[in-house]
Amino acid sequence: MSQNTFSSTFAERVKQFIKTIPAGKVATYGQIAMMAGNPGGVRGVVWILHSSSQKANLPWHRVINGKGKISLPQGHGFEEQKTRLEAEGVQFDEEDRIDLDRFLWQPGNQ
DNA sequence: AATGTGACGGACC
DNA sequence: TGGTCCGCCACAT
């Protein structure tokens with residue numbers, strides 16, 4: 001960390017935030033980007049979750065899109081993510097969608 | 001240095 | 001309601 005001793009880069013903040021998502025709750029890309037201080041940095045969040053090295057030790061399965069659905073295509077992680085979430089108590093409707101009003105993690109309103 | 005890529009999101013039509 | 005386009009960011013080539 002030559003840039004700053006406290007590693008407060010966008011990526012670091014995003015990863016830190018994701019680590020704080022409690023089991024049974026989920027967060028959206030847009031929400032994470034916003035909490036990390038970059039409302040328009042959604043694509044950066046996508047990159048982090050897409051990079052296997054970056055998502056190491058992160059509860060990546062608790063990150064979904066703003067529509068309340070898993071973004072991973074079936075046969076490429078979708079099943080695993082859904083299984084992990086259901087194991088934590090997150091429920092899916094007939095359209096594999098999660099009710100954000102009930103499961104979206106809202107910091108400060110824990 | 002420029003271009004391509006990626007598990008998005010919001011505006012538009 | 002749903003498909004398409006554009007904008008954002010970070011990293012690899």
Side-chain angles (χ1 to χ4, degrees):
Chain A
M1 0 192 212
S2 55
Q3 313 193 321
N4 51 48
T5 308
F6 297 93
S7 304
S8 53
T9 62
F10 177 66
E12 291 299 326
R13 290 198 300 275
V14 168
K15 288 188 290 185
Q16 184 57 49
F17 181 81
I18 294 177
K19 286 182 181 177
T20 65
I21 303 173
K25 289 292 181 179
V26 299
T28 66
Y29 297 87
Q31 173 190 16
I32 293 172
M34 181 176 70
M35 299 311 282
N38 283 19
V42 182
R43 306 296 282 147
V45 178
V46 171
W47 167 77
I48 292 172
L49 275 295
H50 156 64
S51 172
S52 59
S53 57
Q54 291 293 322
K55 74 179 183 183
N57 298 319
L58 290 180
W60 57 270
H61 57 286
R62 294 179 191 143
V63 183
I64 60 177
N65 62 38
K67 293 184 270 315
K69 295 195 292 189
I70 291 176
S71 294
L72 288 165
Q74 296 199 8
H76 202 302
F78 176 88
E79 301 297 346
E80 181 184 349
Q81 181 167 9
K82 183 177 180 181
T83 299
R84 283 173 179 260
L85 289 176
E86 292 185 313
E88 298 182 345
V90 176
Q91 302 171 355
F92 293 76
D93 64 15
E94 314 72 34
E95 301 177 351
D96 286 320
R97 186 168 43 201
I98 297 171
D99 184 350
L100 294 181
D101 290 326
R102 296 167 55 194
F103 302 105
L104 179 66
W105 183 47
Q106 300 178 52
N109 185 32
Q110 311 177 39

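Every chain is numbered from 1 and lettered A, B, ... according to where its sequence line falls, protein lines coming before strand lines. Below, each value reflects all heavy atoms present in this structure, side chains not excepted, and no hydrogens, waters or symmetry copies.
The interatomic distance linking A/His50 (NE2) with C/dA12 (P) rounds to 10 Å, in whole Å. One atom, CH2 of A/Trp47, and another, C1' of C/dG7, lie 20 Å apart when rounded to the nearest Å. One interatomic measurement links the two molecules: CG of A/Asn38 to P of C/dC8, which rounds to 12 Å at whole-angstrom precision. One interatomic measurement links the two molecules: CG of A/Leu49 to P of C/dA10, which rounds to 15 Å at whole-angstrom precision. When rounded to the nearest whole Å, the span between CD of A/Glu95 and C1' of C/dT1 equals 12 Å. Remark: P of C/dC9 and CD of A/Glu12 are 19 Å apart, rounded to the nearest angstrom. Between A/Gln54 atom CD and C/dC9 atom P the separation is 18 Å, expressed in whole Å.
A donor-acceptor pair is defined here as one N or O able to donate and one able to accept, closer than 3.5 Å; such a pair exists between the side chain of A/Glu88 and the backbone of A/Gly24. For A/Thr20 (side chain) and A/Phe17 (main-chain N/O), a donor-acceptor pair under 3.5 Å exists by modelled atom type. One N or O on the side chain of A/Gln31 and one on the backbone of A/Thr28 form a donor-acceptor pair closer than 3.5 Å. Side-chain N or O atoms of A/Ser51 include none that pairs as donor or acceptor with a backbone N or O of A/Trp47 at under 3.5 Å.
For DNA chain B, the outermost nucleotides in 5' to 3' order that have an atom under 4.0 Å from a heavy atom of chain A are B/dG6 to B/dG9.
Residues A/Asn65 and A/Ser71 come closest through the heavy atom pair ND2-OG, 3.0 Å. Of all heavy-atom pairs between A/Val42 and A/Gly30, the closest is CG2-CA, 4.1 Å.
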**Prompt:** salt bridge (charged side-chain N to carboxylate O under 4.0 Å, His left out) between A/Asp96 and A/Lys82: does it pass, once the steps are laid out?
**Reply:** CA-CA 9 Å; A/Asp96 286 320; A/Lys82 183 177 180 181; 2.6 Å; yes
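More than 12 heavy atoms of other residues, nucleotides or ligands sit less than 6.0 Å from atom CG of A/Asp93.
Annotation: of the two residues near DNA chain B, A/Gly44 and A/Gln31, the 5′-most nearest-nucleotide partner is A/Gly44.
Across all strands, A/Phe78 comes closer than 4.0 Å to no nucleic acid atom at all (heavy-atom distances).
Of all the residues in residues 62-75 of chain A, A/Val63, A/Asn65, A/Gly66, A/Ser71, A/Leu72 reach under 4.0 Å from DNA chain B with at least one non-hydrogen atom.
B/dA7 and C/dT13 have their C1' atoms separated by 22 Å, with the value rounded to a whole Å.
Of the N and O atoms on the side chains of A/Arg62 and A/Gln81, not one donor lies less than 3.5 Å from an acceptor on the other residue.
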